[in-house]
Protein chains: 2
Amino acid sequence: MASISDSEEVVEVEEGAQPAYRVDQQVGFHLRQANQRHVSIFTGMMGDRLTTTQWAALTKLNEIQPCSQNQLGRETAMDVATIKGVVDRLVARRYLQTAPDPKDGRRLVLSVTDEGQAAIERNVDIARAVTEETLSPLSSAERMMLVELLRKIS
Amino acid sequence: MASISDSEEVVEVEEGAQPAYRVDQQVGFHLRQANQRHVSIFTGMMGDRLTTTQWAALTKLNEIQPCSQNQLGRETAMDVATIKGVVDRLVARRYLQTAPDPKDGRRLVLSVTDEGQAAIERNVDIARAVTEETLSPLSSAERMMLVELLRKIS
DNA sequence: CAATAGTTGTTCGCATACAAACAAACAAAA
DNA sequence: TTTTGTTTGTTTGTATGCGAACAACTATTG
(Lines give C-alpha, C1' and ligand atoms only; values in the text may rest on other atoms or scores of the structure.)
Protein backbone atom coordinates (compact mmCIF):
# COMPACT_ATOMS: atom_id res chain seq x y z
CA MET A 1 0.00 0.00 0.00
CA ALA A 2 1.25 3.50 -0.72
CA SER A 3 1.68 5.74 2.26
CA ILE A 4 -1.34 7.88 2.97
CA SER A 5 0.72 10.99 3.28
CA ASP A 6 2.99 13.19 1.26
CA SER A 7 0.88 14.90 -1.33
CA GLU A 8 3.86 15.74 -3.50
CA GLU A 9 4.42 12.39 -5.04
CA VAL A 10 1.39 10.50 -3.87
CA VAL A 11 2.13 9.45 -7.30
CA GLU A 12 2.51 5.85 -6.33
CA VAL A 13 3.26 6.32 -9.86
CA GLU A 14 3.89 3.22 -11.75
CA GLU A 15 2.32 0.93 -9.18
CA GLY A 16 3.68 -1.85 -11.29
CA ALA A 17 5.02 0.20 -14.13
CA GLN A 18 2.64 -1.57 -16.46
CA PRO A 19 2.31 -0.31 -19.98
CA ALA A 20 -0.96 1.46 -20.66
CA TYR A 21 -3.84 -0.91 -21.36
CA ARG A 22 -4.98 -0.80 -24.96
CA VAL A 23 -7.89 -2.90 -26.13
CA ASP A 24 -6.48 -3.05 -29.60
CA GLN A 25 -3.40 -4.78 -28.24
CA GLN A 26 -5.33 -7.65 -26.69
CA VAL A 27 -5.85 -10.95 -28.49
CA GLY A 28 -9.58 -10.87 -27.93
CA PHE A 29 -9.89 -7.75 -30.01
CA HIS A 30 -8.07 -9.31 -32.95
CA LEU A 31 -9.90 -12.60 -32.63
CA ARG A 32 -13.18 -10.75 -32.90
CA GLN A 33 -12.04 -8.69 -35.87
CA ALA A 34 -10.54 -11.60 -37.78
CA ASN A 35 -13.71 -13.56 -37.24
CA GLN A 36 -15.75 -10.62 -38.45
CA ARG A 37 -13.78 -10.39 -41.67
CA HIS A 38 -14.18 -14.09 -42.26
CA VAL A 39 -17.94 -13.98 -41.71
CA SER A 40 -18.12 -11.00 -44.05
CA ILE A 41 -16.26 -12.89 -46.78
CA PHE A 42 -18.46 -15.93 -46.23
CA THR A 43 -21.67 -13.93 -46.42
CA GLY A 44 -20.52 -12.18 -49.56
CA MET A 45 -19.46 -15.29 -51.45
CA MET A 46 -21.75 -18.09 -50.30
CA GLY A 47 -25.02 -18.69 -52.08
CA ASP A 48 -28.49 -19.66 -50.84
CA ARG A 49 -28.25 -17.17 -47.98
CA LEU A 50 -26.45 -19.75 -45.90
CA THR A 51 -24.76 -18.49 -42.74
CA THR A 52 -21.49 -19.76 -41.31
CA THR A 53 -23.21 -21.66 -38.52
CA GLN A 54 -25.87 -23.10 -40.80
CA TRP A 55 -23.16 -24.30 -43.16
CA ALA A 56 -21.21 -25.83 -40.29
CA ALA A 57 -24.24 -27.68 -38.98
CA LEU A 58 -25.33 -28.84 -42.42
CA THR A 59 -21.97 -30.20 -43.54
CA LYS A 60 -21.12 -31.68 -40.15
CA LEU A 61 -24.42 -33.52 -40.03
CA ASN A 62 -23.74 -34.80 -43.51
CA GLU A 63 -20.54 -36.33 -42.14
CA ILE A 64 -21.91 -37.99 -39.07
CA GLN A 65 -25.61 -38.54 -39.62
CA PRO A 66 -27.76 -39.86 -38.16
CA CYS A 67 -27.26 -37.72 -35.10
CA SER A 68 -29.23 -36.08 -32.31
CA GLN A 69 -29.66 -32.32 -32.07
CA ASN A 70 -27.53 -31.78 -28.99
CA GLN A 71 -24.84 -34.05 -30.33
CA LEU A 72 -24.66 -32.00 -33.51
CA GLY A 73 -24.40 -28.95 -31.31
CA ARG A 74 -21.39 -30.36 -29.50
CA GLU A 75 -19.73 -31.35 -32.76
CA THR A 76 -20.10 -27.84 -34.10
CA ALA A 77 -19.41 -26.04 -30.82
CA MET A 78 -22.89 -24.64 -30.47
CA ASP A 79 -24.92 -24.14 -27.34
CA VAL A 80 -28.13 -26.19 -26.98
CA ALA A 81 -30.19 -23.05 -27.42
CA THR A 82 -28.14 -21.98 -30.42
CA ILE A 83 -28.18 -25.31 -32.23
CA LYS A 84 -31.93 -25.49 -31.81
CA GLY A 85 -32.42 -22.24 -33.67
CA VAL A 86 -30.01 -23.24 -36.39
CA VAL A 87 -31.64 -26.65 -36.86
CA ASP A 88 -35.11 -25.11 -36.85
CA ARG A 89 -34.17 -22.77 -39.66
CA LEU A 90 -32.51 -25.54 -41.67
CA VAL A 91 -35.59 -27.73 -41.21
CA ALA A 92 -37.80 -24.84 -42.30
CA ARG A 93 -35.76 -24.70 -45.50
CA ARG A 94 -36.09 -28.46 -45.93
CA TYR A 95 -32.31 -28.98 -45.79
CA LEU A 96 -32.70 -31.17 -42.72
CA GLN A 97 -35.41 -33.46 -41.44
CA THR A 98 -36.13 -34.74 -37.96
CA ALA A 99 -37.59 -38.00 -36.68
CA PRO A 100 -38.20 -39.32 -33.17
CA ASP A 101 -35.70 -41.91 -31.98
CA PRO A 102 -37.55 -45.22 -31.36
CA LYS A 103 -34.93 -46.31 -28.85
CA ASP A 104 -34.82 -43.02 -26.91
CA GLY A 105 -37.94 -40.99 -26.33
CA ARG A 106 -35.98 -37.81 -25.75
CA ARG A 107 -33.96 -37.72 -28.92
CA LEU A 108 -34.59 -36.15 -32.26
CA VAL A 109 -32.75 -37.95 -35.02
CA LEU A 110 -31.52 -35.50 -37.63
CA SER A 111 -30.64 -36.21 -41.24
CA VAL A 112 -29.81 -34.26 -44.36
CA THR A 113 -32.46 -34.19 -47.08
CA ASP A 114 -31.85 -34.39 -50.83
CA GLU A 115 -32.30 -30.65 -50.96
CA GLY A 116 -29.69 -30.30 -48.25
CA GLN A 117 -27.32 -32.53 -50.21
CA ALA A 118 -27.87 -30.44 -53.29
CA ALA A 119 -27.15 -27.27 -51.33
CA ILE A 120 -23.89 -28.75 -50.10
CA GLU A 121 -22.79 -29.80 -53.57
CA ARG A 122 -23.81 -26.42 -54.92
CA ASN A 123 -21.69 -24.55 -52.38
CA VAL A 124 -18.79 -26.72 -51.32
CA ASP A 125 -16.39 -25.21 -53.84
CA ILE A 126 -17.43 -21.76 -52.75
CA ALA A 127 -16.78 -22.73 -49.14
CA ARG A 128 -13.26 -23.74 -50.11
CA ALA A 129 -12.84 -20.41 -51.87
CA VAL A 130 -14.01 -18.60 -48.74
CA THR A 131 -11.26 -20.23 -46.72
CA GLU A 132 -8.76 -19.39 -49.44
CA GLU A 133 -9.88 -15.77 -49.54
CA THR A 134 -9.79 -15.46 -45.77
CA LEU A 135 -6.24 -16.78 -45.69
CA SER A 136 -5.09 -14.95 -48.80
CA PRO A 137 -2.86 -12.49 -46.92
CA LEU A 138 -0.84 -15.40 -45.50
CA SER A 139 1.82 -17.68 -46.88
CA SER A 140 1.33 -21.41 -46.84
CA ALA A 141 3.46 -21.81 -43.73
CA GLU A 142 1.64 -18.99 -41.98
CA ARG A 143 -1.71 -20.57 -42.75
CA MET A 144 -0.79 -23.81 -41.07
CA MET A 145 0.72 -21.94 -38.18
CA LEU A 146 -2.43 -19.87 -37.67
CA VAL A 147 -4.76 -22.85 -37.63
CA GLU A 148 -2.46 -24.65 -35.24
CA LEU A 149 -2.28 -21.70 -32.85
CA LEU A 150 -6.05 -21.25 -32.97
CA ARG A 151 -6.51 -24.91 -32.22
CA LYS A 152 -4.23 -24.61 -29.22
CA ILE A 153 -6.21 -21.82 -27.63
CA SER A 154 -9.62 -23.34 -28.37
CA MET B 1 -3.20 -20.39 -69.89
CA ALA B 2 -3.25 -24.12 -70.43
CA SER B 3 -3.44 -25.18 -74.02
CA ILE B 4 -6.95 -25.84 -75.18
CA SER B 5 -6.00 -29.08 -76.87
CA ASP B 6 -4.32 -32.39 -76.14
CA SER B 7 -6.76 -34.78 -74.68
CA GLU B 8 -3.98 -36.75 -73.06
CA GLU B 9 -4.36 -35.16 -69.71
CA VAL B 10 -7.93 -34.07 -70.14
CA VAL B 11 -8.08 -36.28 -67.19
CA GLU B 12 -9.45 -33.63 -64.99
CA VAL B 13 -10.22 -36.95 -63.55
CA GLU B 14 -11.68 -36.60 -60.19
CA GLU B 15 -12.84 -33.22 -61.27
CA GLY B 16 -10.22 -31.85 -58.96
CA ALA B 17 -9.42 -34.86 -56.82
CA GLN B 18 -9.97 -32.63 -53.88
CA PRO B 19 -9.77 -33.99 -50.37
CA ALA B 20 -13.12 -34.29 -48.65
CA TYR B 21 -14.44 -31.01 -47.28
CA ARG B 22 -14.45 -30.86 -43.51
CA VAL B 23 -15.78 -27.84 -41.68
CA ASP B 24 -13.48 -28.49 -38.78
CA GLN B 25 -10.50 -28.09 -41.08
CA GLN B 26 -11.45 -24.59 -42.18
CA VAL B 27 -10.04 -21.47 -40.52
CA GLY B 28 -13.46 -20.01 -39.97
CA PHE B 29 -14.39 -22.85 -37.70
CA HIS B 30 -11.33 -22.37 -35.51
CA LEU B 31 -11.67 -18.59 -35.50
CA ARG B 32 -15.18 -18.96 -34.17
CA GLN B 33 -14.18 -21.48 -31.53
CA ALA B 34 -11.13 -19.57 -30.33
CA ASN B 35 -13.24 -16.46 -30.05
CA GLN B 36 -15.86 -18.38 -28.10
CA ARG B 37 -13.32 -19.58 -25.60
CA HIS B 38 -11.96 -16.10 -25.16
CA VAL B 39 -15.41 -14.63 -24.58
CA SER B 40 -16.11 -17.40 -22.10
CA ILE B 41 -12.94 -16.63 -20.16
CA PHE B 42 -13.75 -12.93 -20.25
CA THR B 43 -17.29 -13.45 -19.00
CA GLY B 44 -16.10 -15.71 -16.23
CA MET B 45 -13.36 -13.44 -14.94
CA MET B 46 -14.53 -9.89 -15.53
CA GLY B 47 -16.60 -8.13 -12.93
CA ASP B 48 -19.56 -5.74 -13.17
CA ARG B 49 -21.22 -7.92 -15.81
CA LEU B 50 -19.19 -6.16 -18.48
CA THR B 51 -19.16 -7.81 -21.91
CA THR B 52 -16.22 -7.88 -24.31
CA THR B 53 -17.75 -5.27 -26.59
CA GLN B 54 -18.81 -3.03 -23.74
CA TRP B 55 -15.29 -3.20 -22.35
CA ALA B 56 -13.80 -2.43 -25.75
CA ALA B 57 -16.07 0.58 -26.24
CA LEU B 58 -15.53 1.86 -22.71
CA THR B 59 -11.74 1.65 -22.71
CA LYS B 60 -11.38 2.89 -26.27
CA LEU B 61 -13.52 5.91 -25.55
CA ASN B 62 -11.40 6.59 -22.51
CA GLU B 63 -8.42 6.74 -24.84
CA ILE B 64 -9.81 9.04 -27.49
CA GLN B 65 -12.63 11.01 -25.90
CA PRO B 66 -14.38 13.19 -26.76
CA CYS B 67 -15.70 11.21 -29.69
CA SER B 68 -18.90 10.70 -31.70
CA GLN B 69 -20.86 7.46 -31.54
CA ASN B 70 -20.13 6.30 -35.07
CA GLN B 71 -16.47 7.19 -34.72
CA LEU B 72 -16.24 5.06 -31.60
CA GLY B 73 -17.89 2.29 -33.57
CA ARG B 74 -15.24 2.49 -36.28
CA GLU B 75 -12.45 2.50 -33.72
CA THR B 76 -13.80 -0.64 -32.10
CA ALA B 77 -14.89 -2.37 -35.31
CA MET B 78 -18.58 -2.17 -34.56
CA ASP B 79 -21.45 -1.59 -36.92
CA VAL B 80 -23.49 1.61 -36.47
CA ALA B 81 -26.42 -0.47 -35.26
CA THR B 82 -24.22 -2.46 -32.91
CA ILE B 83 -22.38 0.48 -31.37
CA LYS B 84 -25.67 2.19 -30.71
CA GLY B 85 -26.88 -0.72 -28.58
CA VAL B 86 -23.59 -0.94 -26.74
CA VAL B 87 -23.48 2.79 -26.05
CA ASP B 88 -27.12 2.81 -24.95
CA ARG B 89 -26.44 0.11 -22.38
CA LEU B 90 -23.30 1.84 -21.13
CA VAL B 91 -25.21 5.10 -20.82
CA ALA B 92 -27.99 3.30 -18.94
CA ARG B 93 -25.34 2.14 -16.47
CA ARG B 94 -23.97 5.68 -16.22
CA TYR B 95 -20.53 4.62 -17.47
CA LEU B 96 -20.87 6.97 -20.44
CA GLN B 97 -22.66 10.24 -21.02
CA THR B 98 -23.77 11.93 -24.22
CA ALA B 99 -24.08 15.54 -25.23
CA PRO B 100 -25.09 17.22 -28.50
CA ASP B 101 -22.21 18.62 -30.54
CA PRO B 102 -22.63 22.41 -30.80
CA LYS B 103 -20.62 22.48 -34.02
CA ASP B 104 -22.42 19.59 -35.73
CA GLY B 105 -26.13 19.06 -35.25
CA ARG B 106 -25.90 15.38 -36.13
CA ARG B 107 -23.29 14.28 -33.68
CA LEU B 108 -23.51 12.92 -30.19
CA VAL B 109 -20.39 13.65 -28.20
CA LEU B 110 -19.57 10.76 -25.91
CA SER B 111 -17.46 10.82 -22.77
CA VAL B 112 -16.64 8.50 -19.89
CA THR B 113 -18.18 9.36 -16.52
CA ASP B 114 -16.48 9.04 -13.15
CA GLU B 115 -18.35 5.80 -12.64
CA GLY B 116 -17.01 4.59 -15.97
CA GLN B 117 -13.49 5.54 -14.94
CA ALA B 118 -13.92 3.65 -11.69
CA ALA B 119 -15.16 0.60 -13.57
CA ILE B 120 -12.10 0.71 -15.78
CA GLU B 121 -9.72 1.01 -12.87
CA ARG B 122 -11.56 -1.75 -11.05
CA ASN B 123 -11.24 -4.16 -13.98
CA VAL B 124 -8.15 -3.29 -16.00
CA ASP B 125 -5.95 -5.78 -14.18
CA ILE B 126 -8.57 -8.45 -14.69
CA ALA B 127 -8.67 -7.61 -18.39
CA ARG B 128 -4.94 -8.17 -18.57
CA ALA B 129 -5.41 -11.49 -16.77
CA VAL B 130 -8.07 -12.47 -19.30
CA THR B 131 -5.62 -11.98 -22.14
CA GLU B 132 -3.02 -13.93 -20.23
CA GLU B 133 -5.42 -16.78 -19.55
CA THR B 134 -6.57 -16.87 -23.17
CA LEU B 135 -2.99 -17.12 -24.36
CA SER B 136 -1.84 -19.45 -21.60
CA PRO B 137 -1.47 -22.48 -23.88
CA LEU B 138 1.04 -20.58 -26.01
CA SER B 139 4.68 -19.68 -25.62
CA SER B 140 5.78 -16.09 -25.75
CA ALA B 141 6.88 -16.41 -29.36
CA GLU B 142 3.65 -18.11 -30.32
CA ARG B 143 1.61 -15.35 -28.72
CA MET B 144 3.27 -12.66 -30.79
CA MET B 145 2.95 -14.81 -33.87
CA LEU B 146 -0.76 -15.36 -33.31
CA VAL B 147 -1.57 -11.70 -32.87
CA GLU B 148 0.48 -10.85 -35.92
CA LEU B 149 -1.28 -13.45 -38.07
CA LEU B 150 -4.69 -12.33 -36.83
CA ARG B 151 -3.80 -8.76 -37.66
CA LYS B 152 -2.82 -9.78 -41.16
CA ILE B 153 -6.14 -11.40 -41.92
CA SER B 154 -8.26 -8.65 -40.33
C1' DC C 1 -28.11 29.98 -53.98
C1' DA C 2 -29.69 25.36 -55.20
C1' DA C 3 -28.96 20.65 -56.22
C1' DT C 4 -26.32 16.79 -54.99
C1' DA C 5 -23.71 13.86 -52.24
C1' DG C 6 -21.94 12.17 -47.90
C1' DT C 7 -22.31 11.61 -42.74
C1' DT C 8 -24.64 10.70 -38.39
C1' DG C 9 -27.79 8.58 -35.77
C1' DT C 10 -32.19 5.64 -35.56
C1' DT C 11 -35.13 1.75 -36.33
C1' DC C 12 -36.50 -2.86 -38.04
C1' DG C 13 -35.69 -7.59 -38.91
C1' DC C 14 -33.06 -11.67 -38.73
C1' DA C 15 -29.44 -14.70 -36.88
C1' DT C 16 -26.11 -16.14 -33.61
C1' DA C 17 -24.60 -16.85 -28.58
C1' DC C 18 -25.26 -18.09 -23.98
C1' DA C 19 -27.17 -18.20 -19.04
C1' DA C 20 -30.84 -20.06 -16.60
C1' DA C 21 -34.77 -22.58 -15.60
C1' DC C 22 -37.81 -26.33 -16.93
C1' DA C 23 -40.24 -30.99 -18.21
C1' DA C 24 -39.73 -35.46 -20.06
C1' DA C 25 -37.16 -39.49 -20.51
C1' DC C 26 -33.40 -42.50 -19.49
C1' DA C 27 -29.66 -44.66 -16.42
C1' DA C 28 -27.56 -46.06 -12.19
C1' DA C 29 -27.69 -46.99 -7.46
C1' DA C 30 -29.76 -48.03 -3.14
C1' DT D 1 -38.52 -50.69 -7.21
C1' DT D 2 -37.85 -46.27 -5.80
C1' DT D 3 -34.61 -42.69 -5.55
C1' DT D 4 -31.20 -40.06 -7.58
C1' DG D 5 -28.71 -38.19 -11.17
C1' DT D 6 -27.99 -37.31 -16.08
C1' DT D 7 -29.27 -36.29 -20.74
C1' DT D 8 -32.26 -34.23 -24.26
C1' DG D 9 -34.87 -30.80 -25.90
C1' DT D 10 -37.51 -26.29 -25.00
C1' DT D 11 -38.29 -21.59 -23.63
C1' DT D 12 -37.16 -16.92 -21.94
C1' DG D 13 -34.25 -13.02 -21.58
C1' DT D 14 -30.23 -10.34 -22.76
C1' DA D 15 -26.49 -8.97 -25.89
C1' DT D 16 -23.98 -8.81 -30.02
C1' DG D 17 -23.71 -8.40 -35.30
C1' DC D 18 -25.15 -6.80 -39.60
C1' DG D 19 -28.15 -5.59 -43.83
C1' DA D 20 -31.31 -2.23 -45.15
C1' DA D 21 -34.01 1.71 -45.13
C1' DC D 22 -34.77 6.29 -43.25
C1' DA D 23 -34.62 11.41 -41.57
C1' DA D 24 -31.80 15.12 -40.28
C1' DC D 25 -27.89 17.53 -40.99
C1' DT D 26 -23.44 18.92 -43.26
C1' DA D 27 -20.34 19.43 -47.17
C1' DT D 28 -19.53 19.95 -51.99
C1' DT D 29 -20.33 21.40 -56.39
C1' DG D 30 -22.35 23.74 -60.21
Side-chain angles (χ1 to χ4, degrees), chain A residues 28-29 31-44 46 48-58 66-93 96 98-110, chain B residues 28-29 31-44 46 48-58 66-93 96 98-110:
Chain A
F29 190 82
L31 276 173
R32 180 168 141 271
Q33 262 199 273
N35 191 46
Q36 277 177 2
R37 174 165 166 273
H38 172 258
V39 171
S40 170
I41 291 172
F42 187 101
T43 305
M46 190 68 70
D48 298 330
R49 290 187 164 281
L50 280 164
T51 65
T52 55
T53 41
Q54 286 169 11
W55 177 252
L58 181 60
C67 170
S68 77
Q69 184 175 286
N70 280 6
Q71 193 185 340
L72 182 60
R74 283 191 295 272
E75 294 283 342
T76 51
M78 293 183 215
D79 193 62
V80 285
T82 302
I83 191 64
K84 177 178 174 32
V86 174
V87 165
D88 282 354
R89 282 180 286 273
L90 287 174
V91 167
R93 287 186 181 206
L96 303 189
T98 67
D101 187 334
K103 292 194 284 286
D104 190 334
R106 299 166 298 181
R107 291 194 179 180
L108 275 183
V109 180
L110 305 181
Chain B
F29 190 81
L31 275 174
R32 182 168 140 272
Q33 263 199 269
N35 192 45
Q36 277 178 2
R37 172 163 168 274
H38 171 259
V39 171
S40 170
I41 291 172
F42 187 101
T43 306
M46 190 69 71
D48 298 330
R49 291 188 163 282
L50 280 164
T51 66
T52 55
T53 41
Q54 286 170 12
W55 177 253
L58 181 59
C67 170
S68 78
Q69 183 175 286
N70 280 6
Q71 192 185 340
L72 181 59
R74 283 190 295 271
E75 294 283 341
T76 52
M78 293 183 215
D79 193 63
V80 285
T82 301
I83 191 65
K84 177 179 175 28
V86 175
V87 165
D88 281 355
R89 282 180 286 273
L90 287 174
V91 167
R93 289 185 180 207
L96 303 190
T98 66
D101 186 335
K103 292 194 284 289
D104 189 334
R106 300 165 298 180
R107 292 193 178 180
L108 275 182
V109 179
L110 305 180

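As the structure is a prediction and not an experimental result, all values here were calculated from the model. Labels below follow one simple rule: chain letters A, B, ... track the order of the sequence lines, proteins then strands, and each chain is numbered from 1.
- Rounding to whole angstrom units, NE2 of residue His38(B) and C1' of dT16(D) are separated by 15 Å.
- Using a 4.5 Å cut-off on side-chain heavy atoms (C-beta onward), Asn35(A) and Leu31(A) make no contact.
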Full working for side-chain contact (heavy atoms from CB on, under 4.5 Å) between Leu50(B) and Arg93(B): CA-CA 11 Å; Leu50(B) 280 164; Arg93(B) 289 185 180 207; 3.9 Å; yes

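- Evaluation of the side chain to side chain contact (heavy atoms under 4.5 Å, CB included) rule for Ser40(B) yields no partner, not counting sequence neighbours.
- Spacing between atom CG of Leu110(A) and atom C1' of dT8(D) amounts to 12 Å, rounded to whole angstrom units.
- Listed by first then second residue, pairs satisfying side chain to side chain donor-acceptor pair (under 3.5 Å) with a partner in residues 78-89 of chain A read Lys84(A)-Asp88(A), not counting sequence neighbours.
- Between Asp79(B) and Gln71(A), the residue anchored nearer the 5' end of DNA chain D, judged by the nucleotide with its closest heavy atom, is Gln71(A).
- Thr43(B) meets the side chain to side chain contact (heavy atoms under 4.5 Å, CB included) test with Val39(B); sequence neighbours excluded.
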Atom pairs and distances, side-chain donor-acceptor, residues 68-77 of chain A, under 3.5 Å, sequence neighbours left out:
{"unit_1": "Ser68(A)", "atom_1": "OG", "unit_2": "Gln71(A)", "atom_2": "N", "d": "3.2"}
{"unit_1": "Thr76(A)", "atom_1": "OG1", "unit_2": "Leu72(A)", "atom_2": "O", "d": "2.7"}
{"unit_1": "Thr76(A)", "atom_1": "OG1", "unit_2": "Gly73(A)", "atom_2": "O", "d": "3.4"}

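- Closest approach of Pro66(B) and Val109(B) over heavy atoms only: CB-CG1, 3.6 Å.
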Polar pairs (N or O, both sides) under 3.5 Å between protein and nucleotides 22-26 of chain D?
{"unit_1": "dT26(D)", "atom_1": "OP1", "unit_2": "Gly105(B)", "atom_2": "N", "d": "2.9"}

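- Every residue meeting the salt bridge (charged side-chain N to carboxylate O under 4.0 Å, His left out) condition with Arg107(B), not counting sequence neighbours, appears here in chain and number order: Asp104(B).
- Residue Ser68(B) is classed as a sugar-phosphate contact, given heavy-atom separations below 4.0 Å to backbone atoms only.
- Residue Arg74(A) places at least one side-chain N or O closer than 4.0 Å to OP1 or OP2 of dT8(D).
- Here the P atom of nucleotide dT10(D) and the CG atom of Asn70(A) are 9 Å apart, to the nearest Å.
- Taking for each of Arg49(A) and Asn35(B) the nucleotide of DNA chain D with the nearest heavy atom, the 5'-most of the two is the partner of Asn35(B).
- Partners of Arg37(B) by side-chain hydrogen bond (donor to acceptor under 3.5 Å, both in side chains), not counting sequence neighbours: none found.
- For Thr51(A), the side chain to side chain contact (heavy atoms under 4.5 Å, CB included) criterion is met by Thr53(A), Gln54(A), not counting sequence neighbours.
- With sequence neighbours excluded, no residue forms a salt bridge (charged side-chain N to carboxylate O under 4.0 Å, His left out) with Asp101(A).
- Between the C1' atom of dT16(D) and the CZ atom of Arg32(B) lies a distance of 15 Å, rounded to the nearest Å.
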Strictly under 3.5 Å: I want the nitrogen or oxygen pairs between protein and nucleotides 11-15 of chain D, one per line.
none

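- First and last contacts of DNA chain C with chain B, using any nucleotide atom under 4.0 Å from a protein heavy atom and ordered 5' to 3', fall at dG6(C) to dC18(C).
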